[in-house]
Trainee: 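Right, I'll just put the structure down here and ask away after.
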Amino acid sequence: MPVRPASVDELVTRAQKLSGRTLEELATAAGVPTPTSLNRSKGWVGQLLEWHLGASAGSKPEQDFPELGVELKTLPITAAGKPLESTFVCIAPLTGIAGMQWAASNVCNKLSCVLWVPVEASPTIPLAKRRIATPFLWSPSNEQAKLLRQDWEELMEMIALGEIESVTAHHGEVLQLRPKAANGSALTPAIGRNGQIIQTRPRGFYLRSHFTHSLLKAFFGI
DNA sequence: CAATGATCATCG
DNA sequence: CGATGATCATTG
């Protein structure tokens, strides 16, 4: 297993050396088998990248490289460089959110600095043959940070006001709220319409694909 | 159950 | 055919 990178530069350099490698090559180097399909292994690509870059494992609600202040995200893209999916950011808090500020939020923290690793993901390419594109480091511009903050504040206000059941993935310009659970029977406490505690499906914050697409365009040109 | 890693499957 | 809502594996 690779040692943890000592600096952001080292992390980025190591990530960019993975450009052009296939998932099969990376899996072999990591000593793990390549699944025939992602159907039952949805997080496999992300965990493979974590292994190669020396990210901390486990399920901590923190950045992947806390000492570097960097979050790692894989980004499934088409041959044309367009994201195939929205990007999960973190679980949304549904209780105990009185007075919560954007700057102290998990979303703001995770997105303050992200190492994006685009990966070929067109269904026509066999999983083993999919290649890593060029990873790049990103921090929100003032304009991007403003959009994220606006969406976060809108969504969190609805949650705080007990309107969680009225929130759909249509809310938010770049950041959306969607169910995030192993299945539909998972329940977690939330604030109800009359301020009481209700049980609802856990939600997560996701970045819309048009937002991540704009990041790709900014780094690789229109 | 809740957090991590996400993609799948269906609908409009 | 893109987006929403649902789901899969794993760990603690």
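Chain naming here is simple, since letters A, B, ... match the order of the sequence lines and numbering starts at 1 in each.
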Trainee: Using heavy atoms and a sub-4.0 Å distance, could you list which residues of residues 73-100 of chain A are near DNA chain B? By number, please.
Mentor: A/K73, A/T74, A/P76, A/E85, A/S86, A/F88, A/I91
Trainee: How would you label the contact of A/G46 with the nucleic acid (heavy atoms, under 4.0 Å): base, sugar-phosphate, or nothing?
Mentor: sugar-phosphate
Trainee: Starting at CG of A/L207 and ending at P of C/dA3, how long is that distance when rounded to a whole Å?
Mentor: 14 Å
Trainee: So, is A/R201 close to the C/dA6 phosphate, meaning a side-chain N or O under 4.0 Å from OP1 or OP2?
Mentor: yes
Trainee: A/Y206 OH to C/dG5 C1': how many Å, rounded?
Mentor: 9 Å
Trainee: Looking only at atom types and distance, does a side-chain atom of A/S112 sit under 3.5 Å from a main-chain N or O of A/N109, one as donor and one as acceptor?
Mentor: yes
Trainee: Quick one: on DNA chain C, does A/P179 or A/H210 contact a more 5' nucleotide (nearest heavy atom)?
Mentor: A/H210
Trainee: Can you work out whether A/S37 or A/A186 has the more 5'-proximal nearest nucleotide on DNA chain B?
Mentor: A/A186
Trainee: Return no unless some side-chain N or O of A/N39 is found under 4.0 Å from OP1 or OP2 of C/dA9.
Mentor: no
Trainee: In whole angstroms, how far is the C1' atom of B/dG5 from the CD atom of A/Q47?
Mentor: 5 Å
Trainee: Which nucleotide sits closest to the side chain of A/L38: C/dG5, B/dG5, B/dC8?
Mentor: B/dC8
Trainee: Checking side-chain polar atoms at under 3.5 Å, does A/S86 have a donor or acceptor matched by the opposite partner on A/R178?
Mentor: yes
Trainee: Within this structure, what is the CZ-to-C1' distance between A/R208 and C/dA3, rounded to whole angstrom?
Mentor: 8 Å
Trainee: Looking at every strand, decide which applies to A/Q63 at a 4.0 Å heavy-atom threshold: base, sugar-phosphate, or nothing.
Mentor: nothing
Trainee: Would you say CD of A/Q199 has more than 12 non-hydrogen atoms from neighbouring residues, nucleotides or ligands within 6.0 angstrom?
Mentor: yes
Trainee: Looking just at side-chain N and O atoms, do A/R201 and A/S185 make a donor-acceptor pair shorter than 3.5 Å?
Mentor: no
Trainee: Identify whether any heavy atom of A/L49 sits under 4.0 Å from a base atom; if not, whether one sits that close to sugar-phosphate; answer base, sugar-phosphate or nothing.
Mentor: nothing
Trainee: What integer distance in Å separates A/K60:NZ from B/dG5:P?
Mentor: 10 Å
Trainee: Do any of residues 112-127 of chain A sit with a heavy atom less than 4.0 Å from DNA chain B, and if so which?
Mentor: none
Trainee: Any side-chain N or O of A/R40 below 4.0 angstrom from OP1/OP2 of C/dC8?
Mentor: no
Trainee: Nearest to the side chain of A/S209, heavy atoms from C-beta on, is which of C/dA3, B/dT7, B/dA9?
Mentor: C/dA3
Trainee: Show the numbers, then the answer: is there a side chain to side chain donor-acceptor pair (under 3.5 Å) between A/D9 and A/S7?
Mentor: CA-CA 5 Å; A/D9 278 352; A/S7 70; 5.4 Å; no
Trainee: Between B/dA3 atom C1' and A/K110 atom NZ, what is the distance in whole Å?
Mentor: 9 Å
Trainee: Do the ring centers of A/F205 and A/F88 come within less than 6.0 Å of each other?
Mentor: no
Trainee: Could you check how far CG of A/N183 sits from C1' of B/dC1, rounded to whole Å?
Mentor: 11 Å
Trainee: Distance-only, no hydrogens or angles: does the A/Q144 side chain make a donor-acceptor pair with backbone N or O of A/S141 under 3.5 Å?
Mentor: yes
Trainee: Are A/S41 and C/dC8 close enough that a side-chain N or O sits under 4.0 Å from OP1 or OP2?
Mentor: no
Trainee: Rounded at 0.5 Å granularity, tell me how far CG in A/L177 sits from CH2 in A/W152.
Mentor: 12.0 Å
Trainee: For A/L23 and B/dG5, give me the distance from atom CG to atom P, rounded to whole Å.
Mentor: 18 Å
Trainee: Please name all residues satisfying salt bridge (charged side-chain N to carboxylate O under 4.0 Å, His left out) with A/E153, sequence neighbours left out, ordered by chain then number.
Mentor: A/R149
Trainee: Within a reach of under 6.0 Å around CZ of A/R131, are more than 12 heavy atoms found that belong to other residues, nucleotides or ligands?
Mentor: no
